[in-house]
Amino acid sequence: MAGNSQRRNRRTSNKKGAQVGSGGKRRRSLEGKGPTPPAEMRKGHAKQRAAQARARKATGRPAPRRGGPKGTAELVVGRNPVYEALREGVPATTLYVQQFIDNDDRVRDALKLAADRGGVNLLEAPRAELDRMTNNLNHQGLVLQVPPYDYAHPDDLVANALDDGEDPLIVALDGVTDPRNLGAVVRSVSAFGGHGVVVPERRAAHMTAGAWKTSAGAAARTPVARATNLTRALEAYQKAGLMVVGLAADGDTELHELDALEGPVVVVVGSEGKGLSRLVGETCDLRVRIPMPGGTESLNAGVAAGVVLYEASRRRA
């Protein structure tokens, strides 16, 4: 009697899960998903991004920028700095001019450059307002507003290279805090056919007006990507098939022996004083040194990157 009751309870139970005698199969059992789709159809794959970029190019639509974290707006103050920023093509949205300013040559030249460029608003403001905007810096009656830099995403640099049918050549900066070094690296990447620069989000130089000026216009042609975590960005590059090469004074390989420069590669440059950080150094596939028979212990980031990029350009020619 007790056995019959237990069987009846099992048959009428609404409890979820496999039932007795079902062999673990339910009405909505899992079905096979079929063969693995090709790389061009897999979401997030580098080849899919390259195919999408080719399609956008064919239709004439600009490629969307996923971008890293946005930069911050910047103010350039003083007559000479404002004039030089405008002359070097630093992006600008507004030129503030003090009311009743003494109209010397630098002021006239800055106003002419802003007017000739187009797209730069000219606003007159009282001295008190300019003092407030600049926290009482010596602005000399001229203040230029530079918009936040539009950073690329690290993955975009690879996709752009593949879209052009080229092996990616990327420079990553680890612990480089001088914007002028960043600008010099951007200039070298542009000169030697590289595809972009990656910088960490924290404790690193960013694309300020000083970096723009040092790049001598190359920043308008060469994308700079910002990574939330540089180590993870390098690991993602490795998974995409790129060789990660770190520059180090104690590297096991000399630059002229580095065949990896002929293929997809990321060159990681550390700071002049500390070199590569521990985690970044451990992530690198190779550690390479630049022979310096003159006895100099180290090169700054801009010079070191230029030497390696020249060698890469020579090998790829």
> Any luck finding a side-chain donor-acceptor pair between Glu74 and Thr208 under 3.5 Å?
Replying inline: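 Judged by distance alone, the side chains do not pair up.
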To the nearest 0.5 Å, tell me how far [X] [atom1] sits from [Y] [atom2].
X      : Y      : atom1 : atom2 : answer
Arg79  : Asp105 : CZ    : CG    : 10.5 Å
Leu144 : Glu84  : CG    : CD    : 12.0 Å
Met207 : Tyr151 : CE    : OH    : 7.0 Å
Asp174 : Leu247 : CG    : CG    : 11.0 Å
Leu234 : Glu282 : CG    : CD    : 12.5 Å

>> Considering only residues two or more places apart or on different chains, which pairs with a residue in residues 300-313 satisfy salt bridge (Lys or Arg N to Asp or Glu O under 4.0 Å)?
In response: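 Salt bridge (Lys or Arg N to Asp or Glu O under 4.0 Å) check on residues 300-313 returns Glu311-Arg314, Glu311-Arg315.
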>> Does any part of the side chain of Tyr237, heavy atoms only, come nearer than 4.5 Å to the side chain of Leu157, both counted from C-beta?
In response: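 Contact flag for Leu157/Tyr237 side chains = yes.
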Got a list of side-chain donor-acceptor pairs under 3.5 Å for residues 118-128, not counting sequence neighbours?
none

>> Does this structure show an ion pair linking Arg180 with Asp178, if we count only N-O contacts that are shorter than 4.0 Å?
In response: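 Asp178 and Arg180: salt-bridged.
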> Please walk me through it: do Lys112 and Asp116 pass salt bridge (Lys or Arg N to Asp or Glu O under 4.0 Å)?
Replying inline: CA-CA 6 Å; Lys112 185 177 186 306; Asp116 291 345; 2.7 Å; yes
>> Between Arg316 (side chain only) and Leu261 (backbone N and O only), is there a donor and an acceptor less than 3.5 Å apart?
In response: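 Yes.
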>> Apply side chain to side chain donor-acceptor pair (under 3.5 Å) to residues Asp164 and His195 and explain how you reach the verdict.
In response: CA-CA 10 Å; Asp164 292 336; His195 299 101; 5.3 Å; no
>> Arg232 vs Glu235, test: salt bridge (Lys or Arg N to Asp or Glu O under 4.0 Å). Steps then yes/no.
In response: CA-CA 5 Å; Arg232 286 203 292 268; Glu235 291 172 345; over 6 Å; no
Contacts under 3.5 angstrom, residues 283-294 side chains, donor-acceptor by atom type, not counting sequence neighbours:
| unit_1 | atom_1 | unit_2 | atom_2 | d |
| --- | --- | --- | --- | --- |
| Thr283 | OG1 | Leu279 | O | 2.8 |
| Asp285 | OD1 | Gln238 | NE2 | 3.1 |
| Asp285 | OD2 | Gln238 | NE2 | 3.3 |
| Asp285 | OD2 | Val244 | N | 2.8 |
| Arg287 | NH2 | Asp250 | OD1 | 3.0 |
| Arg289 | NH1 | Gly251 | O | 2.5 |
| Arg289 | NH2 | Glu254 | OE2 | 3.3 |

